[in-house]
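Let me begin by presenting the structure, written as structure tokens, before commenting on it.
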Amino acid sequence: MTMTEMVKAEGVHKRFGRLEVLKGIDLVVPQGQVCVVIGPSGSGKSTFLRCVNHLEKINSGRIWVDGELIGYAQRGEKLYELHEKQVARQRRQIGMVFQRFNLFPHLTALENVMEAPVQVAGQPKQQARKDALEFLSRVGLASKVDSYPNQLSGGQQQRVAIARALAMRPKLMLFDEPTSALDPELVGEVLEAMKDLAKAGMTMVVVTHEIGFAREVGDQLVFMDDGLIVESGKPRDVIANPQHPRTREFLGRVL
């Protein structure tokens with residue numbers, strides 16, 4: 001592996017019972033790049049994202065993040081599953097933002113962002129507070145630090161969720177349809193925060209339906225269908241001139 005590969009997936013298969021959801025995914029995301037994953041519902045996009053930080057265990061294949069095998073240790077030809085503590089340590093390097101914001105309702109925006117650095121990483125409260133203020137400011141919420149989730153709009157809550165993920169200083173950010181639960185007028189502010197992250201050089205894998213975001217911010221566009229990567233390439237090329245009939249059909253519906 002070269003140092004420039006932040007994510008590398010080889011032959012990733014995932015089954016739920018008899019249902020094969022991922023049928024052999026091969027993907028490389030270079031450090032500092034934004035990989036946007038699109039495709040119809042049920043194509044395996046979110047499942048793949050959850051496999052990258054071992055929220056879902058893969059049935060076969062390998063996933064590395066920054067050169068480290070995720071979820072397993074390899075000795076000779078055999079794979080051994082890591083203990084939960086070791087997996088938790090790996091997950092600290094990987095920020096994840098879900099569709100639903102999952103904020104603690106009884107904590108302010110500031111406290112939500114401080115929680116993991118203090119409780120998980122053992123950071124002193126004073127330092128965690130200083131960092132949390134900085135991250136909330138980065139996502140445009142400096143004026144909302146003392147607000148509770150129910151006092152914030154959906155877009156603001158999602159930006160708190162992004163700040164919360166950043167507070168663990170991850171190497172990689174995963175976004176699972178971060179705008180799909182939002183009212184249309186709130187989508188822009190979340191995408192803007194994500195664009196700023198991309199400009200700052202954060203490596204990101206983004207599952208989304210926002211084709212405009214893919215075109216403008218993505219370095220790589222991946223189209224998934226039925227558990228496979230059907231087509232990938234530079235976003236503008238794939239969107240303007242898809243090579244595969246299934247990609248053409250999908251883009252024809254969403255554009």
Under a 4.5 Å cut-off applied to non-hydrogen side-chain atoms, are [X] and [Y] in contact?
| X | Y | answer |
| --- | --- | --- |
| N102 | R164 | yes |
| E5 | W64 | no |
| V97 | D176 | no |
| L197 | L166 | yes |
| I162 | V190 | yes |
| K171 | T203 | no |
| V113 | V160 | yes |
| C35 | V222 | yes |

Do [X] and [Y] sit in the same hydrophobic cluster, where Ile, Leu, Val, Met, Phe, Trp and Tyr count as joined when their side-chain heavy atoms come under 4.5 Å apart?
| X | Y | answer |
| --- | --- | --- |
| M96 | V139 | no |
| F175 | I63 | no |
| L191 | L141 | yes |
| F101 | V207 | no |
| F135 | L172 | no |

Between [X] and [Y], does at least one N-O distance fall below 4.0 Å, as a salt bridge requires?
| X | Y | result |
| --- | --- | --- |
| R253 | E249 | yes |
| R91 | E84 | yes |
| E68 | R89 | yes |

Mind listing the closest non-hydrogen atom pair of [X] and [Y] along with its distance?
| X | Y | answer |
| --- | --- | --- |
| G71 | V87 | CA-CG2, 4.3 Å |
| L228 | K23 | CD2-O, 3.5 Å |
| K45 | G39 | NZ-O, 2.9 Å |
| G95 | P170 | N-CB, 3.4 Å |
| G155 | L182 | N-CD2, 3.6 Å |
| R62 | L79 | NH1-CD1, 3.4 Å |

In Å and rounded to the nearest 0.5 Å, what is the [atom1] to [atom2] distance from [X] to [Y]?
| X | Y | atom1 | atom2 | value |
| --- | --- | --- | --- | --- |
| R159 | R138 | CZ | CZ | 14.0 Å |
| Q156 | L103 | CD | CG | 11.5 Å |
| I211 | L255 | CD1 | CG | 5.5 Å |
| M6 | M173 | CE | CE | 12.5 Å |
| Q158 | R100 | CD | CZ | 10.0 Å |
| T4 | Q31 | OG1 | CD | 7.5 Å |

Quick check: are there more than 12 heavy atoms from other residues, nucleotides or ligands sitting under 6.0 Å from CD of E185?
->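 Atom CD in E185 is packed in, count exceeds 12.
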
Heavy atoms from other residues, nucleotides or ligands near CZ of R15 exceed 12 (cutoff 6.0 Å) |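 Atom CZ in R15 is not crowded, with 12 or fewer foreign heavy atoms closer than 6.0 Å.
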
Is the side chain of D226 donor-acceptor paired with the backbone N or O of S43 at a distance under 3.5 Å, no angle test?
->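 No.
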
Backbone N/O of H83 and side chain of Q86: donor-acceptor pair under 3.5 Å =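 The answer is yes, because a donor-acceptor pair under 3.5 Å joins these two groups.
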
Please step through side-chain contact (heavy atoms from CB on, under 4.5 Å) for the pair K8 and E10, ending with a clear verdict.
-> CA-CA 7 Å; K8 184 176 184 179; E10 272 184 7; 3.2 Å; yes

Does anything in residues 207-225 pair up under salt bridge (Lys or Arg N to Asp or Glu O under 4.0 Å), and if so which pairs, sequence neighbours excluded?
->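 Those involving residues 207-225 are K195-E216, D225-R246.
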
Go through the side-chain N and O atoms of N59 and E20 and say whether any donor and acceptor fall under 3.5 Å apart.
->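 Looking only at side-chain atoms, E20 and N59 do not form any donor-acceptor pair under 3.5 Å.
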
Under 3.5 Å, side-chain donor or acceptor atoms of residues 229-237 against the rest of the protein: list the pairs with distances, not counting sequence neighbours.
residue : atom : partner : partner atom : Å
E231    : OE1  : Q243    : N            : 3.2
E231    : OE1  : H244    : N            : 2.9
E231    : OE1  : T247    : OG1          : 2.8
E231    : OE2  : Q243    : N            : 2.8

Within the 6.0 Å centroid threshold, strictly below: F223 and F250 |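 Yes, close enough.
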
Can I get a per-line list of side-chain donor-acceptor pairs under 3.5 Å for residues 47-58, giving both atom names and the distance, sequence neighbours left out?
residue : atom : partner : partner atom : Å
N53     : OD1  : L55     : N            : 3.4
K57     : NZ   : E81     : OE2          : 2.9

From CA spacing to verdict: side-chain contact (heavy atoms from CB on, under 4.5 Å), V7, V28 | CA-CA 6 Å; V7 180; V28 171; over 6 Å; no

Should E189 and S153 be marked as a side-chain contact (heavy atoms from CB on, under 4.5 Å) after you check the CA-CA gap, both sets of side-chain angles, and the distance that decides it?
-> CA-CA 11 Å; E189 64 190 56; S153 71; 4.0 Å; yes

Apply the side chain to side chain contact (heavy atoms under 4.5 Å, CB included) test between L110 and each candidate in E115, R129, K144; give the one that qualifies.
->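 The single option meeting the side chain to side chain contact (heavy atoms under 4.5 Å, CB included) with L110 is R129.
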
Apply the test side-chain contact (heavy atoms from CB on, under 4.5 Å) to residues L22 and H13: give CA-CA distance (whole Å), side-chain angles for both, the deciding distance (0.1 Å), then the verdict.
-> CA-CA 5 Å; L22 300 177; H13 286 255; 5.6 Å; no

